[in-house]
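Accompanying notes for the structure given below.
All of these numbers come straight from a predicted model, not from anything done at the bench. For ligands, and for the atoms within them, numbers begin at 1 and follow the listed sequence. Hydrogens, waters and symmetry mates are skipped; everything else that's a heavy atom, side chains included, is used.
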Amino acid sequence: MNDALATAVAVERAPRARVEQLQLERVRRVIALISERVPLYRERLGRAGVRAEDVRSLADLRGLPFTTKADFRDTYPFGMLAAPLEDVVRIHASSGTTGKPTVVAYTRRDLDVWTEVMARTLLAGGVGRADVVHNAYGYGLFTGGLGFHYGAERLGAAVVPISGGLTERQITALRDFGATVLCCTPSYSLHLAEEAGLTSKDLKLRVGFFGAEPWTEGMRQAIESRLHLMALNIYGLSEVIGPGVSVECPERRGMHVAEDHFLPEIVDPVTLQPTPPGLTGELVLTTLTKEALPLLRYRTRDLTALDPGPCACGRTFVRIGRIVGRSDDMLIIRGVNVYPSQIEHALTQIPDLEPHYLLVLRRERALDTIEVRVECRAETAAAGEAALGALATRAQRRILEVVGLTAEVAVVPPKTIERSVGKAKRILDLRAEGEGARNS
Ligand code: ADP
Ligand code: ZN
């Protein structure tokens, strides 16, 4: 590890007072920068009468305006940039999971920061020069592929830039190149495990970095037992930088936020007031070092909780818990609020089921209904109709117990639900069709 990276890694263990002092200095710099360079912020901060020097403590941040996804849309494509295009060396875009993709840009220094936080992400799992990193996150506009790529190279590991898809070729590469590290979405890792079949025992995988979509502890157990590795949760988003915002340490009790570069807050998504530590709310992030796209209090719409307690690994950076989902992923089924990950949590508690599922939404007489389609194990499928029916009843009961929701459950044969190479598609929304059919 060279000096710059060693210093950055030491920061992760700095006393809280030092971390917070650094954050305060950087927040002030960000406010000065965006007030000068970004018309949207100049206007917004000017209206609120906010000047950088007025921010005397991190608590003062709470009174400052938020930034939202709509701000990106309103200023599409480059209106949020604080650097001239001459200084931009890379452009990416979000996946567009919930609408039009947002465009993001990086200066040379932003890429250095991104590379550093990604190297630190990989270091949290002990990755080093001797490792072969199989990087199946998508390369291209999506930030996952290139983010991991540069981080792994920075550590001197050997990167296999295989990107997503062509699963058979992935299995060959995993085996033949002796990959020790796997980077991809959790859902795709299960697909890889499934296709690798028995050979997964011969793989040398030691650790995996999984994120870009919600997943549960049940899913972690499935991945670890099938691929024989330690599965770490990683979180990030394009608007803020891409992957590299936070990562689990081997304690695996929440993801440490790279607090020297990103300042996290949790707010109540309705009142927008800070929630007490430990309570779930919307994650809000302020970038502390970005040049091209600095963001003040960006509302991620991702729901999680902060854990400021000490961690056995020695890092002093706060942790965020698993992302339950996005506020706009919430389903309301007969008055019950539910996130797809909660249904996954219930399903993965039943050993005869596979962690491959799809939620089908329909609208019947102005009421939303949900059908949970979930695959069973091959042995169960062979046991016949009655066994499948009993399994569906068990799953239905479990969902009711865990989520408080009565769902129709269809247990389907293995490999009948479409696999994805990137972010899994968990919802098939037929609500508009139902309406249309009735209206016509
Ligand atoms: P998009 O919002 O279009 O999907 P990105 O490709 O930038 O854009 O993906 C970032 C989003 O992916 C996050 O805002 C979050 O909703 C989701 N995400 C990323 N990592 C995780 C994770 N570990 N757990 C749950 N969700 C995640
Ligand atoms: Zn830790």
Side-chain angles (χ1 to χ4, degrees), residues 9 12-13 68-69 72-73 92-104 114 120-121 123-126 137-148 164 183-187 189 208-217 219-220 223 231-259 262 264 280 282-285 293 295 298-304 307-330 339-342 344-345 420 422-426:
V9 168
E12 295 178 345
R13 291 166 174 80
T68 64
K69 197 135 187 151
F72 278 86
R73 294 212 181 103
H92 279 281
S94 71
S95 318
T97 311
T98 55
K100 191 171 175 175
T102 43
V103 177
V104 300
W114 193 18
R120 282 160 53 180
T121 292
L123 274 175
Y137 280 112
Y139 279 65
L141 280 179
F142 176 55
T143 50
L146 286 172
F148 270 95
C183 308
C184 63
T185 56
S187 55
S189 79
F209 295 86
F210 305 111
E213 64 185 12
W215 57 307
T216 56
E217 284 305 314
M219 191 86 154
R220 164 142 55 203
I223 294 170
L232 297 179
N233 194 5
I234 60 130
Y235 167 84
L237 64 170
S238 330
E239 290 88 340
V240 170
I241 203 158
V245 174
S246 59
V247 62
E248 281 180 329
C249 63
E251 297 295 319
R252 293 182 292 167
R253 298 210 178 145
M255 300 177 273
H256 290 282
V257 177
E259 275 195 282
F262 315 105
T280 299
E282 179 175 346
L283 176 66
V284 169
L285 291 165
L293 188 55
L295 293 179
Y298 181 65
R299 290 185 56 187
T300 64
R301 303 191 290 179
D302 292 321
L303 299 171
T304 183
D307 180 358
C311 183
C313 75
R315 287 177 183 79
T316 50
F317 284 177
V318 297
R319 284 166 289 164
I320 53 172
R322 273 189 185 284
I323 311 283
V324 186
R326 310 181 192 229
S327 49
D328 30 15
D329 280 350
M330 191 180 77
Y339 289 92
S341 66
Q342 293 174 296
E344 176 181 307
H345 177 60
S420 85
K423 295 179 190 249
K425 213 175 157 301
R426 302 295 193 194

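Side-chain contact check for T102 versus S94: some heavy-atom pair is nearer than 4.5 Å. Using a 4.5 Å cut-off on side-chain heavy atoms (C-beta onward), C249 and H256 make contact.
Donor-acceptor pairing under 3.5 Å is lacking for the side chains of T216 and S341. One side chain, E213 or S187, offers a donor N or O that lies under 3.5 Å from an acceptor on the other.
Ring geometry for W114 against H92 counts as perpendicular: the plane angle is over 60°, on a 0 to 90° scale with 30° as the lower cut. Note: F142 and Y137 have tilted aromatic rings, judged against thresholds of 30 and 60 degrees for the angle between ring planes.
Residues R220 and E248 are paired through a salt bridge, judged by an N-O separation under 4.0 Å between the basic side chain and the carboxylate.
Using a 4.0 Å heavy-atom criterion, the residues that approach ligand 1 are K69, S94, S95, G96, T97, F142, G211, A212, E213, P214, N233, I234, Y235, G236, L237, S238, D302, I323, R326, K423.
Distances shorter than 2.8 Å separate the Zn ion (ligand 2) from the protein N/O/S atoms C249 SG, H256 NE2, C311 SG, C313 SG.
Heavy atoms of other residues, nucleotides or ligands lying less than 6.0 angstrom from CZ of R252 number more than 12.
In summary, the aromatic rings of F262 and F317 are positioned with their centroids too far apart to meet the 6.0 Å limit.
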